[in-house]
Novice: 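Got a structure for you, written out below as structure tokens; questions coming shortly.
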Amino acid sequence: MKFVISSVVCLWLCLASVGHAQPASMPAALDGQLQTIVDEMTQIGENAAKALIHQYEEIVVEPHEQLDQAVEQVESRRVESPECVAEQDAQIGSVLDAAHQELHECGLSAAHESAEIVSDVNEATQQLVFGGYSLGRTYNKCQGYKNAVLRQSCMAKFYVQATVYLVSARSSLKTIAQSTNERIPAVFTHSNSCTHSASGKAVEALEALTADIDICIAKAGRR
């Protein structure tokens, strides 16, 4: 599960880097379009980070808290009757081992799915970042020409490059938006179901063992 979290954080940082890839000075008509792309990328990163905070609490913290509470219920009986609890220690350990293994497998599954998403997002982000740098270098090169004819010819090539970049940027933006709006939430949904199922089964088993311990304590009290 840590990999999923780090993946989204990495995604946020990658998206933030796109804004720094844009040239400081651009023709006004083109600058507006580039700024729109940067704004959209920034918003995607912020939304992903906000969703992460909520999802982490629900997917990781809640199941472990439920499991801890069930264990505390069992351990609270140990003070009253160490013998009755000791009789169930092997079963308690078995339940907890199985729960931790299932939770680990939930994390592995999420990590695999997240790795594929991050790979796609990184490719799209690199295209935006390096495309932006390349566009900036071309523009600065054109502005460096003293000869008007050379500058005009260079700018003609620049606008062709800019058009190609904008089309490519929209495609990359679509890929990234789909990942953050659809694929990442799908991973979280699957992970949420997986972790809660694992903790839920463990809690039920521990509750049953607690009931057996209570019966043992009651019998011991009648002796």
Side-chain angles (χ1 to χ4, degrees), residues 2-56 59 109-192:
K2 290 181 179 179
F3 183 87
V4 182
I5 296 169
S6 62
S7 296
V8 178
V9 172
C10 176
L11 168 63
W12 190 17
L13 294 174
C14 286
L15 297 183
S17 72
V18 176
H20 300 294
Q22 308 306 325
S25 177
M26 275 284 182
L30 181 59
D31 185 64
Q33 296 179 67
L34 290 174
Q35 188 58 50
T36 297
I37 292 174
V38 172
D39 290 344
E40 288 186 39
M41 296 294 288
T42 302
Q43 189 61 54
I44 289 173
E46 290 178 356
N47 291 343
K50 290 177 182 178
L52 171 64
I53 297 173
H54 171 73
Q55 294 290 354
Y56 177 77
I59 296 170
S109 176
H112 175 73
E113 295 175 17
S114 297
E116 295 179 349
I117 295 173
V118 169
S119 177
D120 291 343
V121 170
N122 281 344
E123 182 179 350
T125 303
Q126 288 176 16
Q127 189 176 39
L128 284 165
V129 172
F130 293 124
Y133 278 124
S134 178
L135 196 61
R137 285 197 303 269
T138 300
Y139 181 74
N140 291 333
K141 177 182 177 181
C142 294
Q143 296 305 303
Y145 282 120
K146 303 300 182 182
N147 185 287
V149 175
L150 291 177
R151 188 186 303 115
Q152 185 176 4
S153 175
C154 182
M155 286 301 293
K157 294 178 181 179
F158 165 77
Y159 279 113
V160 170
Q161 181 182 349
T163 300
V164 172
Y165 174 73
L166 288 173
V167 172
S168 175
R170 282 296 169 189
S171 176
S172 297
L173 190 60
K174 182 178 180 181
T175 296
I176 295 169
Q178 183 181 36
S179 294
T180 55
N181 294 335
E182 299 174 18
R183 296 174 67 187
I184 289 177
V187 171
F188 279 137
T189 298
H190 177 265
S191 299
N192 187 38

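What you see below is based on every heavy atom in this structure, not just the backbone, and it leaves out hydrogens, waters and symmetry mates. In this text the structure is predicted, and so the values were computed from the model without any measurement.
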Novice: Taking only residues at least two apart or on different chains, which pairs with a member in residues 139-186 satisfy disulfide (SG to SG under 2.5 Å)?
Specialist: Cys142-Cys154
Novice: Tell me if a side-chain donor or acceptor on Thr138 pairs with a main-chain N or O of Ser134 at a distance below 3.5 Å.
Specialist: yes
Novice: Is the number of heavy atoms from other residues, nucleotides or ligands within 6.0 Å of CD (Gln152) greater than 12?
Specialist: no
Novice: For the residue pair Lys146 and Arg151, what are the closest heavy atoms and their distance?
Specialist: O-NH2, 3.5 Å
Novice: Would you list the pairs meeting disulfide (SG to SG under 2.5 Å) in which at least one residue belongs to residues 157-191, sequence neighbours left out?
Specialist: none
Novice: For Val164, is there any backbone N or O sitting under 3.5 Å from a side-chain donor or acceptor partner on Ser168?
Specialist: no
Novice: Can you run down the salt bridge (Lys or Arg N to Asp or Glu O under 4.0 Å) pairs that involve residues 155-171, sequence neighbours left out, and say none if there aren't any?
Specialist: Glu40-Arg170
